[in-house]
Amino acid sequence: MDFIVAAARKAIEELYGTQVPADVISLQETRKEFEGQVTIVAFPIVRYSKKNPAETAEDIGKYLQANVAEVAAFNVVKGFLNLVLDQQYFLRVFHEEILGTGFGRIAPNGKKVMVEYSSPNTNKPLHLGHVRNNLLGYSVAELLKASGYEVIKVNLVNDRGIHICKSMLAWQKWGNGETPENSGMKGDHLVGKYYVVFDAEYKKEIKALMDQGQTEEQAKKSAPLIVEAQQMLQQWEAGDAGVIALWEKMNGWVYEGFGVTYANLGVDFDRFYYESNTYLLGKDTVEEGLEKGVFFRKDDGSVWIDLTAEGLDEKLVLRADGTSVYITQDLGTAQMKQDDYQMDESIYVVGNEQDYHFKVLFLILEKLGKPWAKGLYHLSYGMVDLPSGKMKSREGTVVDADDLIGEMIRTAKSKTEELGKTNDFPEEDKNALYRNIGLGALKYFLLKVEPKKRLLFDPNESIDFQGHTGPFIQYTHARIRSLLAKAAYQPGGDAAGVELSDTELDMVMMLGKYPAQIREAAATHSPAVMANYLFELAKGFNKFYHEIPPIVKTEAGAQKQFRLNICRVTGDVLRQGMSLLGITVPERM
RNA sequence: GCCUCGGUAGCUCAGUUGGAUAGAGCAACGGUUUUCUAAACCGUGGGUCAGGGGUUCGAAUCCCUUCCGGGGUACCA
């Protein structure tokens, strides 16, 4: 629509003798209740026209109608100039751009971006919060790929630390040699079970100590279990062969379990980093900062950065005993990732409880003069809450990822069977379909909400399969595929002899937006943008489908071919767009 | 306390480079199947865009302020 802006500026120049910047021409889609497709707002122009908005709009409308071939007519309503574009214009756009093979494919931009997501702890299974993280990370990576980036998906696994030692210790004490094999329990769940056991036993000890007169704080520090876990962590850091072997064994179980969950979610990674390899990094960076005078050392030997000038606090970057803290590691890891890949941008998909951490991290890297620091971005997303509030593993209120996936598939199965449309499917296809629909519903549910907003999940209310949902879009796609098959669709056709009805025009306009939607979703790191667009498109298609006479039974000709082309492109855009959300669409359902 | 992110229909959410009478889905009610899949379509009702002030021709959108909610503010990660 750039040509409208250009023409309007020319109109103003010729009518009023003054040049105006492009942003004076405010273009918007014409609201449904008025005639036309594009609207120019007259108010910003009045200071150049020196006339009232209605007269200004009238002037420009007349000029455009006379001088721009595509402008067939216009009307003015309260200072809004609504332009009616020629049908031929839309038909040309449809046949030359939308119908082309490259539609929706954006050329490589030569830039490399890293997306770090998932990044789980290895002491317990994944829950709904992780699911949101994984789906967001995967989708953002796909969106960036589609908008021209080279993408590296990275998972930074937190595989060491006190929490893992807790599981290890509890298993050692009370596990009786239980393994995933002999118990039939998924590895990550098994390890998680002992994490819970640890916590329960630890609490008992605390209570006992408090009964003996200790304060809660003392008790928490002196309970034998926590002391033992800390010793275990020290042994781990010292490279104790027995502890390392146990650690490797139990982490192995967890990775096997995570692998299954990742496969079910359909997410993947190009590279895994492990904190056991990175937790010592960052000390060089601290040295560098001291040399550059960005950091300073206190009398006790601890190293700090003063960010009060930026409205933040003083922040510790190295402990007095010379060991790393979280941010030390992250400074080092950021440098390592940069050295490994030399990417232009780097996105961290991490919950909003770490907003402050990343603000500080990026600021420090900038102060250290890292040229790549400006390419860092924290994709911060809101927590997934239950009606009762936050999910808490200790109170057993977490929604387990594997359970949820299983439940979604079962629900999809029962809903599908209720409808009875797939009774003739082979068993294998049925199961694939249930999985398709169940996961489609779950993924869409999580991705349609703007990332930074918190998300409410009610375990007692199953996720919908009707209305603004994944299955709605999947259904629309299946319907299109079925129709095309019945009509024995063949590509081809041109604008000659085609008349556009209102819904057909709507479809052409909506389809035309697809590339811009990819760009916007990628630029704003928001799968929700794509999700909402696809819903609008599917809704528009269903309306179109109901309004026009049955295509299959229509007599062959330009109009029929045009409608089939609309069906085909809509199906393709739905399929491609959903794949950018990590959702697959079925051929039948 | 300070920092930060939210608050839009009964519920879940769209809508912010400032534009027309604020939109969907669910739920409720009514209609559509001798027509290509009714997981669909059409219609009805439903709003103090948290409150107040300001800027503007025009504010859900920008500024100030109050209230409510989340998160952060560790020599934890």
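This one's a predicted model, so the numbers in the text were calculated from it and none came from an experiment. Per chain, numbering begins at 1; letters A, B, ... match sequence-line order.
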**side-chain N/O R481(A) vs C36(B) OP1/OP2, d < 4.0 Å** = no
Kindly give the atom pairs (protein nitrogen or oxygen, nucleotide nitrogen or oxygen) under 3.5 Å for nucleotides 4-7 of chain B.
unit_1, atom_1, unit_2, atom_2, d
G6(B), OP1, K452(A), NZ, 2.4
G7(B), OP1, K453(A), NZ, 3.0

**Asked** What does T416(A) touch in the nucleic acid at a heavy-atom separation under 4.0 angstrom: a base, only the sugar-phosphate, or nothing?
**Response** base
**Asked** If we require ring centres under 5.5 Å and near-parallel planes under 30°, does F535(A) stack on A24(B)?
**Response** no
**Message:** Heavy atoms from C-beta onward define the side chain here; which of U35(B), U37(B), A20(B) lies closest to that of S482(A)?
**Reply:** U37(B)
**Asked** Would a distance-only check, ignoring hydrogens and angles, find a side-chain to backbone donor-acceptor pair under 3.5 Å from T278(A) to T333(A)?
**Response** no
Would you be so kind as to tabulate the donor-acceptor pairs closer than 3.5 Å made by side chains of residues 348-365 of chain A, with sequence neighbours excluded?
unit_1, atom_1, unit_2, atom_2, d
Q354(A), OE1, Y326(A), OH, 2.5
D355(A), OD1, S380(A), OG, 2.8
Y356(A), OH, D313(A), OD2, 3.2
H357(A), NE2, D330(A), OD2, 2.8

**Pairwise C1' distance for A22(B) and U61(B), with rounding to whole Å** = 11 Å
**Message:** Check whether N155(A) reaches the backbone of S119(A) with its side chain - one donor and one acceptor, N or O, closer than 3.5 Å.
**Reply:** yes
**Fill in**
Scoring nucleotides 41-47 of chain B by protein non-hydrogen atoms under 4.0 Å (B base, S sugar-phosphate only, - none) yields SS-----
**Request:** Go through the N and O atoms of the side chain of D464(A) and the base of A27(B), and report whether any donor-acceptor pair is under 3.5 Å.
**Result:** no
**Prompt:** What does I473(A) touch in the nucleic acid at a heavy-atom separation under 4.0 angstrom: a base, only the sugar-phosphate, or nothing?
**Reply:** nothing
**Request:** Round to a whole Å and report the spacing from CE of M589(A) to P of A39(B).
**Result:** 8 Å
**Prompt:** NA contact type, P53(A), heavy-atom cut-off 4.0 Å: base, sugar-phosphate, or nothing?
**Reply:** nothing
Side-chain polar contacts of residues 456-468 of chain A - donor-acceptor pairs under 3.5 angstrom, sequence neighbours left out - could you list them?
unit_1, atom_1, unit_2, atom_2, d
D458(A), OD1, N460(A), N, 2.9
H468(A), NE2, Y444(A), OH, 3.0
H468(A), NE2, N532(A), OD1, 3.4

**Request:** Spell out, as yes or no, whether a donor-acceptor pair under 3.5 Å connects the side chain of W236(A) to the backbone of C165(A).
**Result:** no
**Fill in**
For E275(A), the side-chain hydrogen bond (donor to acceptor under 3.5 Å, both in side chains) test, sequence neighbours excluded, returns none
**Asked** Can you tell me the Watson-Crick or wobble partner of C67(B), both distances under 3.5 angstrom?
**Response** G7(B)
**Prompt:** Rounding to the closest angstrom, what is the interatomic distance between G18(B) and G71(B) at atom C1'?
**Reply:** 30 Å
**Request:** Check every strand shown and say whether M383(A) touches a base, only sugar-phosphate, or nothing at a heavy-atom separation below 4.0 Å.
**Result:** nothing
**Prompt:** Hey, does N52(A) reach any base, or is it just sugar-phosphate, or nothing, if we go heavy atoms under 4.0 Å?
**Reply:** nothing
**Request:** Indicate yes or no: does E504(A) engage R563(A) in a salt bridge with an N to O separation below 4.0 Å.
**Result:** yes
**Prompt:** Whom does G1(B) pair with, Watson-Crick or G-U wobble, provided both distances fall under 3.5 Å?
**Reply:** U73(B)
**Asked** Looking only at N and O atoms, is any donor in the side chain of T469(A) or the base of A39(B) less than 3.5 Å from an acceptor on the other one?
**Response** no
**Prompt:** According to the Watson-Crick and G-U wobble definitions, with both distances under 3.5 Å, which nucleotide is paired to A20(B)?
**Reply:** none
**Message:** Let's test your reading of the model: under 3.5 Å, does the base of A39(B) pair with the side chain of T476(A) as donor and acceptor?
**Reply:** no
**Item:** Those residues that, when tested against Y202(A), pass ring-ring contact (aromatic ring centres under 6.0 Å, His included) (two or more places apart)
**Value:** F198(A)
**Item:** P-based separation of C62(B) from U4(B) [nearest Å]
**Value:** 15 Å
**Asked** Would one find a side-chain N or O of K78(A) under 4.0 angstrom from OP1 or OP2 of U21(B)?
**Response** yes
**Asked** Which residue pairs pass the salt bridge (Lys or Arg N to Asp or Glu O under 4.0 Å) test with at least one member in residues 46-60 of chain A, sequence neighbours excluded?
**Response** K51(A)-D59(A)
**Item:** Any strand: nucleotide that pairs with C29(B) via Watson-Crick or wobble, under 3.5 Å
**Value:** G43(B)
**Fill in**
R588(A) has its side chain closest, among G23(B), U37(B), A14(B), to U37(B)
**Request:** Kindly point out which of G15(B), A20(B), C36(B) is positioned nearest to the side chain of E450(A)?
**Result:** G15(B)
**Prompt:** Does a salt bridge link E33(A) with R31(A), judged by any charged N lying under 4.0 Å from a carboxylate O?
**Reply:** yes
**Nearest-nucleotide 5' precedence on RNA chain B, L455(A) against A412(A)** = L455(A)
**Request:** Answer yes or no: side-chain N or O of K553(A) and base N or O of U35(B) forming a donor-acceptor pair under 3.5 Å.
**Result:** no
**Complete:** T570(A) meets the side-chain hydrogen bond (donor to acceptor under 3.5 Å, both in side chains) criterion, sequence neighbours left out, with none
Which pairs, protein N/O on one side and nucleotides 73-77 of chain B N/O on the other, fall under 3.5 Å?
unit_1, atom_1, unit_2, atom_2, d
U73(B), O2', D313(A), OD2, 3.4
C75(B), O2, A320(A), N, 3.3
C75(B), N4, D300(A), OD2, 2.2
C76(B), OP2, R319(A), NE, 2.6
C76(B), OP2, R319(A), NH2, 2.2
A77(B), OP1, R319(A), NH2, 3.4
A77(B), OP2, Y326(A), N, 2.9
A77(B), O3', E275(A), OE1, 3.4
A77(B), O2', N158(A), ND2, 3.4

**Asked** With a centroid cutoff of 5.5 Å and a plane-angle limit of 30°, would you call Y475(A) stacked on A40(B)?
**Response** no
**Request:** Would you mind telling me which residue lines up with the more 5' stretch of RNA chain B, V41(A) or L456(A), judged by nearest nucleotide?
**Result:** L456(A)
Using a 3.5 Å cut-off and no angle test, enumerate the donor-acceptor pairs between side-chain atoms of residues 433-443 of chain A and protein atoms at least two apart in sequence or in another chain.
unit_1, atom_1, unit_2, atom_2, d
R435(A), NH1, N264(A), OD1, 3.0
R435(A), NH2, N264(A), OD1, 3.2
N436(A), OD1, T584(A), OG1, 2.7
K443(A), NZ, L265(A), O, 2.7
K443(A), NZ, G582(A), O, 2.6

**Request:** Describe the nucleic acid contact of A487(A) in one word from base, sugar-phosphate, nothing, applying a heavy-atom distance below 4.0 Å.
**Result:** nothing
**Asked** For A60(B), what is the paired nucleotide under Watson-Crick or G-U wobble rules, both distances under 3.5 Å?
**Response** none
**Item:** Sugar-phosphate only, base, or nothing, as touched by K421(A) at under 4.0 Å among non-hydrogen atoms
**Value:** base
**Item:** Residues forming a side-chain hydrogen bond (donor to acceptor under 3.5 Å, both in side chains) with K553(A), sequence neighbours excluded
**Value:** none
**Request:** Under the side-chain hydrogen bond (donor to acceptor under 3.5 Å, both in side chains) rule, collect the residues that match up with Q218(A), sequence neighbours excluded.
**Result:** T215(A)
